There are 2 protein chains.
Amino acid sequence: MDTKEPRPHTGRRRNEAARRAILDAALDLLADADGAPVSVETIARAAGVGKQTLYRWWPSKGAVLLEALTDRAAQDVPAPDTGSLRGDLRALATATFDAAQRPPSAPALRTLVREAARDPHLADLMRTFTESRRAAVRQILARGRDRRELPADRDIDLLVDQFYGFFWYRFLLGHAPLDATTAEKITDSLLR
Amino acid sequence: MDTKEPRPHTGRRRNEAARRAILDAALDLLADADGAPVSVETIARAAGVGKQTLYRWWPSKGAVLLEALTDRAAQDVPAPDTGSLRGDLRALATATFDAAQRPPSAPALRTLVREAARDPHLADLMRTFTESRRAAVRQILARGRDRRELPADRDIDLLVDQFYGFFWYRFLLGHAPLDATTAEKITDSLLR
DNA sequence: GCTTGACGAGACTATCGGTCTCGGCAATGA
DNA sequence: TCATTGCCGAGACCGATAGTCTCGTCAAGC
């Protein structure tokens, strides 16, 4: 499919610098807020940009925030292949916990989830973000089951929800660590 | 400690009917909203009460919502004692999942969590609510460990977070069931 | 009957997401 | 060169919301 339009584009082009400034400002504020809400006004002002410029290219505040996070943070889903189910799951857990523990992605993600709790639009956008993560775990588990490393009667969807449920619970509440040791413990606990 | 004050109370007394009307209206709206925000105006109007009456007795909207939920819903923490670890945990899981699945507590709780994501005051109030639940699971697990039904090397806090992480994850996302079968499966999975 | 303080009502402030409009400016094509 | 197109920053504006303040009223006690 070509991007050609019936009439060639005329008029001023999109200012790439403004786009970058918006995403950078959004990520900075997101990371700095650590849970506290981030307003559109603040983003626009910090980026030296009019609000309309923001709404010309993104449908909502949540869309900006999400793109700011996924654009900068390593958004590639880890898909380790160590040869063993336990190794794969532990590698993914370690990578996930690690990424979720150091700035700027950690506070930014926390803020984003808080925003999503009230913004159905953003919640919807985040679904694809999280779904790809879920799929990665599901794939690791399915491969392990095919290799007979996981009993065939174990419910893979249950395990996926156990893994991410545990992760989000600790990540959002922050009452207990999400370090490498925990990654190993949760892996052992799930594959026991 | 006596509630006597230096000067006896004079003036009009608190209207108990208004208090009840506020809590009832709040719970109704909370249950009816199912995740959507509930405004103070709406509560006051539904209760036939001025906003100031509400703020005279509660410090914030969140406090009203939380009291409305804990006041009416069965706030007693289930503490089953079936004699076996597996039986206790399954009973608690079943009770929890069951309560979280039918109105009015289910939609009300969902709304409350959404509100808490943006209201630090409410989030703080909810911590005690959830902590008592966590303690119940912790106690069941500790008792099981004492009875040698659970290996001594298993991390109880990890299991508690696995259980409630799984619960909240499914409850809030609603992508998979939280029925009696699931309660049995998660119990088996945790105690495997 | 006087004081006290809760009551319903609603005006008011401040904040926020999102829309609308304005004058200016850059890219294009004639 | 110059008109058209469409993005730009700026900011007024709208509607919703949490929370405060004030007012006249009403009930409880002295």
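The figures here come from the full heavy-atom set of this structure, side chains too, leaving out hydrogens, waters and symmetry mates. Sequence lines set the chain letters: A, B, ... in the order given, protein chains first and strands last, and positions in each chain run from 1. Nothing here was measured: the structure is a model prediction, and the numbers come from that model.
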Asks: Reckon A:R13 has a side-chain N or O less than 4.0 Å from the OP1 or OP2 of C:dT28?
Replies: yes
Asks: Can you measure B:R12 atom CZ to D:dA27 atom P for me and round it to whole angstrom units?
Replies: 6 Å
Asks: Rounded off to whole Å, could you give me the CZ-to-C1' distance for the B:R14 and D:dC26 pair?
Replies: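 The distance from CZ of B:R14 to C1' of D:dC26 comes to 18 Å, rounded to the nearest Å.
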Asks: Starting at CH2 of B:W58 and ending at C1' of C:dA6, how long is that distance when rounded to a whole Å?
Replies: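 It is 13 Å, rounded to the nearest whole Å.
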Asks: For A:E16 and C:dA27, give me the distance from atom CD to atom P, rounded to whole Å.
Replies: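 For the pair A:E16 CD and C:dA27 P, the rounded distance is 14 Å.
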Asks: Nearest whole angstrom, please: distance from the P of C:dG8 to the CZ of B:R19.
Replies: 15 Å
Asks: Tell me whether the count of non-hydrogen atoms from other residues, nucleotides or ligands lying under 6.0 Å of CZ in B:R147 goes above 12.
Replies: yes
Asks: Any carboxylate oxygen within less than 4.0 angstrom of a Lys/Arg side-chain nitrogen, looking at B:D124 and B:R127?
Replies: yes
Asks: In terms of side-chain geometry, is the basic nitrogen of A:D98 or A:R102 positioned less than 4.0 Å from the acidic oxygen of its partner?
Replies: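 Here A:D98 pairs with A:R102 in a salt bridge, since their nearest N and O are under 4.0 Å apart.
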Asks: When you measure from the centre of the six-membered ring of B:F166, is the NZ or CZ of B:R170 closer than 6.0 Å and no more than 45° off the axis?
Replies: no
Asks: Short question: side chain of B:T70, backbone of B:L66 - any donor-acceptor pair under 3.5 Å?
Replies: yes
Asks: Inspect the contact between B:K61 and B:D119 and indicate whether a charged nitrogen and a carboxylate oxygen are less than 4.0 angstrom apart.
Replies: no
Asks: Collect all protein-nucleotide pairs involving nucleotides 9-18 of chain D in which both atoms are nitrogen or oxygen and the distance is under 3.5 Å.
Replies:
from	atom 1	to	atom 2	distance (Å)
D:dG9	OP2	A:T53	OG1	2.5
D:dA18	OP1	B:K61	NZ	2.4
D:dA18	OP2	B:V40	N	3.0

Asks: Scan A:W57 against the nucleic acid and name what it touches under 4.0 Å (heavy atoms): base, sugar-phosphate only, or nothing.
Replies: sugar-phosphate
Asks: Specify the separation, in whole Å, of atom CG of B:L54 and atom P of C:dA6.
Replies: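 After rounding, the gap between these two atoms is 15 Å.
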Asks: In whole Å, what is the span from the CG atom of A:L122 to the C1' atom of C:dG18?
Replies: 16 Å
